[in-house]
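Report on the structure given below.
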Number of protein chains: 2
Amino acid sequence: MIFKASIVVMPLEALLDPQGKAVTGSMKNIGLPEIQNVRIGRHITLTVDAENAEQADAKVNEACSKLLANPIMEYYRFTIEKA
Amino acid sequence: MIFKASIVVMPLEALLDPQGKAVTGSMKNIGLPEIQNVRIGRHITLTVDAENAEQADAKVNEACSKLLANPIMEYYRFTIEKA
């Protein structure tokens, strides 16, 4: 059974996000000073072939912790649905 | 009033995503060949100061089209909620 996963990987709240900080500064230059606190992470979609939702969940979790996210600097969360 | 926006920017479906393709290949190497079709985009959170939800929506849309997404190669969608 094919499942689709939608994963969000973001810099930990406690850490600075230099890319987000730079973009926050640029908002002023394009006339949008009302926009603040920009934080930039990754959004990843993928498909996983698994027997059931629990197995798909375990595989996506493994992919996140081994390859897609760096747990020292990032946290992740994901949702899974039948494709 | 402060609103929080959650934005997803992804490569257009019609375009190749070389980063996603590389990660799909790596899944095999870490023992997860069941994972396919990896596509990688950005997830952005920010706050916006606006009088109401419609105004917040317009500002976030402007930020996306002017700065956060490249419409030639990417599409975006976002949700807004009261902070």
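Order of the sequence lines fixes the chain letters, A, B, ..., with proteins taken first and strands second; residue numbering starts at 1 for each chain. Since the model is a prediction, treat every value here as computed from it, not as a measurement.
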Is A:Leu32 close to chain B through its backbone or its side chain, or both, or neither, when contacts mean heavy atoms under 4.5 Å? side chain
Quick one: pull up CD in B:Glu62 and CD in A:Glu34 and give me the separation to the nearest 0.5 Å. 8.5 Å
So, do B:Leu68 and A:Met27 sit near enough that their side-chain heavy atoms are less than 4.5 Å apart? yes
Decide whether A:Val9 and B:Val9 are clustered together by the hydrophobic rule: side chain heavy atoms of Ile, Leu, Val, Met, Phe, Trp, Tyr closer than 4.5 Å, transitively. no
Under a 4.5 Å side-chain heavy-atom rule over Ile, Leu, Val, Met, Phe, Trp and Tyr, are B:Tyr75 and B:Leu67 clustered together? no
Select one option (side chain, backbone, both, neither) describing which atoms of A:Val8 are under 4.5 Å from chain B's heavy atoms. side chain
If you count every heavy atom of other residues, nucleotides or ligands that lies below 6.0 Å from B:Lys66 atom NZ, does the total exceed 12? yes
Using a 4.5 angstrom heavy-atom cutoff, name the option from B:Val48, B:Ile35, B:Thr47, B:Val38 with the most pairs to chain A. B:Thr47
Single-linkage hydrophobic cluster B:Val23~B:Met73, side-chain heavy atoms < 4.5 angstrom: no
B:Phe78 with B:Met1, same ILVMFWY side-chain cluster at under 4.5 Å: yes
Calculate, to the nearest 0.5 Å, the distance between atoms CD1 and CD belonging to A:Ile2 and B:Gln36 respectively. 8.5 Å
So how far is it from B:Met10 CE to A:Ile44 CD1, rounded to the nearest 0.5 Å? 8.5 Å
Any link between A:Ile72 and A:Leu15 through a network of hydrophobic side chains (Ile, Leu, Val, Met, Phe, Trp, Tyr) touching at under 4.5 Å? yes
Interatomic spacing from CD1 in A:Ile40 to CG in B:Leu46 - rounded to 0.5 Å: 9.0 Å
Count the heavy-atom pairs under 4.5 Å between each of B:Ala63, B:Gly31, B:Gly41 and chain A, then report the option with the highest count. B:Gly41
Taken to the nearest 0.5 Å, the spacing of A:Lys4 NZ from B:Asn37 CG works out to 9.5 Å
